Number of protein chains: 2
Amino acid sequence: MMELTRKGEYAIRGIVYLAGKPIDKVCLLSDIAAAVDVPPTFLAKIFQQFSKIGLVKSFRGTGGGFLLGRAPENITLLEVVEAVEGPIIPNRCVVSPPECERSGFCKVHPVWKRVQGEVRSVLAGVTLKELTNKEH
Amino acid sequence: MMELTRKGEYAIRGIVYLAGKPIDKVCLLSDIAAAVDVPPTFLAKIFQQFSKIGLVKSFRGTGGGFLLGRAPENITLLEVVEAVEGPIIPNRCVVSPPECERSGFCKVHPVWKRVQGEVRSVLAGVTLKELTNKEH
DNA sequence: AACTAAAAAGACTATATGTATCCTTTTAGG
DNA sequence: CCTAAAAGGATACATATAGTCTTTTTAGTT
Ligand code: SF4
Ligand code: SF4
């Protein structure tokens, strides 16, 4: 239950790799994919999503590739995960407006709200900077 | 992401309903299903799982039905959810032995461990007793 | 013993989601 | 204009989800 998909996992690997590179180092998708052991075509789709929302910057053509969109200390794991997996929804009643007509009186409903809050809070508390294997 | 399935949702509804009934009141599956608005055939499967692990007691034949296996204050939401959805696994590296060869050096790994811990802790902190709409 | 009520068990179906791959198009540099 | 690289779109396949249906077992009733 509650398992991150490959897409999410690959997304994190890919962007963490970028975060570990010098801020102005343009990386080839094929290099990133190879380094983090992800199918390149799949990673391409993921990075397209990142690019659309500015999490990464992309450059086409010769000499193109990817760059981190912002400083690694300003990108949280929550953002990365939600970018590709959508919002953290432990149960469908936590969306607004609630998708369950029982949410008004249901005692379980607030529990899922708490779960959502805790997960978001853990993920929001981690930045890409902390996730690289660089010591500075 | 991380969404409870219908099965899990229905499981909770069903067992919370049981928990709200007198401890010795044998309930028909069909009644439970109607009360909590779940397809009876689906709920049957769920209660079979509950029955196997003793979360509910079942009686066949005339006058049969279901009873809560233990006192509602001794059954946590975590147990109920894990009974039908399996363990809380936010990412596959949190199982033991770890299913990812990167888990040794990966900085993301401990984050998923934390997520798992938080979710489990929230769910383990809620008992069926607190989830009924009865005030005593 | 026969009948009936009810859960257990197993097979089956349909739909949605996940996990990719491939091909074509756009963009940019040399 | 040729080549490198990302973007976009279509497609294929596998797995999981959500449920139904039928048959079997068990237990009480008449
Ligand atoms: S937990 Fe309660 S409010 Fe949420 S989906 Fe289930 S019944 Fe509805
Ligand atoms: S978070 Fe790290 S250890 Fe866990 S699956 Fe991803 S790479 Fe492996």
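Just so you know, these numbers come straight off a predicted model, no measurement behind them. Quick note on labels: first sequence line is chain A, next is B, and so on, each numbered from 1. We use all heavy atoms of the structure for the numbers below, so side chains are in, but hydrogens, waters and symmetry mates are not.
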Grab the CD-C1' distance between B:Gln49 and C:dA9 for me, whole Å please. 13 Å

Check whether any side-chain heavy atom of A:Asn91 sits under 4.5 Å from a side-chain heavy atom of A:Val111, and report yes or no. no

Can you tell me the distance, in whole Å, between the CD1 atom of B:Ile46 and the P atom of C:dA9? 15 Å

What is the distance from atom CZ of A:Arg13 to atom CD1 of A:Ile15, rounded to the nearest 0.5 Å? 15.0 Å

Across all chains, not counting sequence neighbours, the side-chain hydrogen bond (donor to acceptor under 3.5 Å, both in side chains) partners of A:Glu82 are A:Arg120

Can you tell me how far P of D:dA5 sits from CD of A:Gln48, to the nearest Å? 16 Å

Given atom CD of B:Glu85 and atom P of D:dA16, what is their separation to the nearest angstrom? 13 Å

Hey, can you pull the residues of residues 51-58 of chain B with a non-hydrogen atom under 4.0 angstrom from DNA chain C? B:Ser51, B:Lys52, B:Ser58

Within this structure, what is the CG-CD1 distance for the pair A:Leu131 and A:Ile12, rounded to the nearest 0.5 Å? 8.0 Å

A:Phe47 near the nucleic acid: base, sugar-phosphate alone, or nothing, with a heavy-atom cut-off under 4.0 Å? nothing

Rounding to an integer number of Å, can you tell me how far A:Glu3 CD sits from D:dA16 P? 10 Å

Approximate separation, where rounding is to 0.5 Å, of B:Ile53 CD1 and B:Gln48 CD: 13.0 Å

Worked verdict on A:Leu68 versus A:Lys57 for side chain to side chain contact (heavy atoms under 4.5 Å, CB included): CA-CA 6 Å; A:Leu68 209 56; A:Lys57 280 182 231 163; over 6 Å; no

Which residues in residues 12-27 of chain A have at least one heavy atom lying under 4.0 Å from any atom of DNA chain C? none

Answer whether the closest heavy-atom distance between the side chains of A:Tyr10 and A:Val36 falls below 4.5 Å. no

If you take any heavy atom closer than 4.0 Å to DNA chain D, which residues from residues 86-93 of chain A end up in contact? none

Position toward the 5' end of DNA chain C (nearest nucleotide), A:Thr5 or B:Ala44: B:Ala44

A:Arg114 with A:Glu118: basic N within carboxylate O range, under 4.0 Å: no

Figure out the CD1/C1' separation between B:Ile32 and C:dA6, and round it to whole Å. 12 Å

Give a yes/no on whether any side-chain N or O of B:Tyr10 is located under 4.0 angstrom from OP1 or OP2 of D:dA18. no

Side chain to side chain contact (heavy atoms under 4.5 Å, CB included) between A:His109 and A:Lys113, intermediate numbers included: CA-CA 7 Å; A:His109 177 66; A:Lys113 277 285 191 192; 4.2 Å; yes

For nucleotides 21-30 of chain C, just jot down a letter per nucleotide in 5' to 3' order: B, S or -, based on protein non-hydrogen atoms under 4.0 Å. B----BBBS-

By side-chain hydrogen bond (donor to acceptor under 3.5 Å, both in side chains), A:Thr127 pairs with (sequence neighbours left out) A:Glu130

CA sep, side-chain torsions, deciding dist, call: A:Thr76, A:Leu123, side chain to side chain contact (heavy atoms under 4.5 Å, CB included): CA-CA 7 Å; A:Thr76 70; A:Leu123 297 181; over 6 Å; no

Would you kindly give the CG-to-P distance between B:Leu28 and D:dA27, to the nearest whole Å? 17 Å

Would you mind telling me which of C:dA7, C:dA9, C:dT19 lies closest to the side-chain atoms of B:Phe66? C:dA7

Here the gap from A:Asp31 atom CG to A:Lys21 atom NZ, rounded to the nearest 0.5 Å, amounts to 9.0 Å

With a 4.0 Å cut-off, would you call B:Glu9 and A:Arg102 a salt bridge? no

How long is the line joining CZ of B:Arg6 and P of C:dT17, in whole Å? 11 Å

A:Leu18 and A:Phe47: CA distance, side-chain angles, deciding distance, side chain to side chain contact (heavy atoms under 4.5 Å, CB included) verdict: CA-CA 11 Å; A:Leu18 261 195; A:Phe47 269 57; 3.8 Å; yes

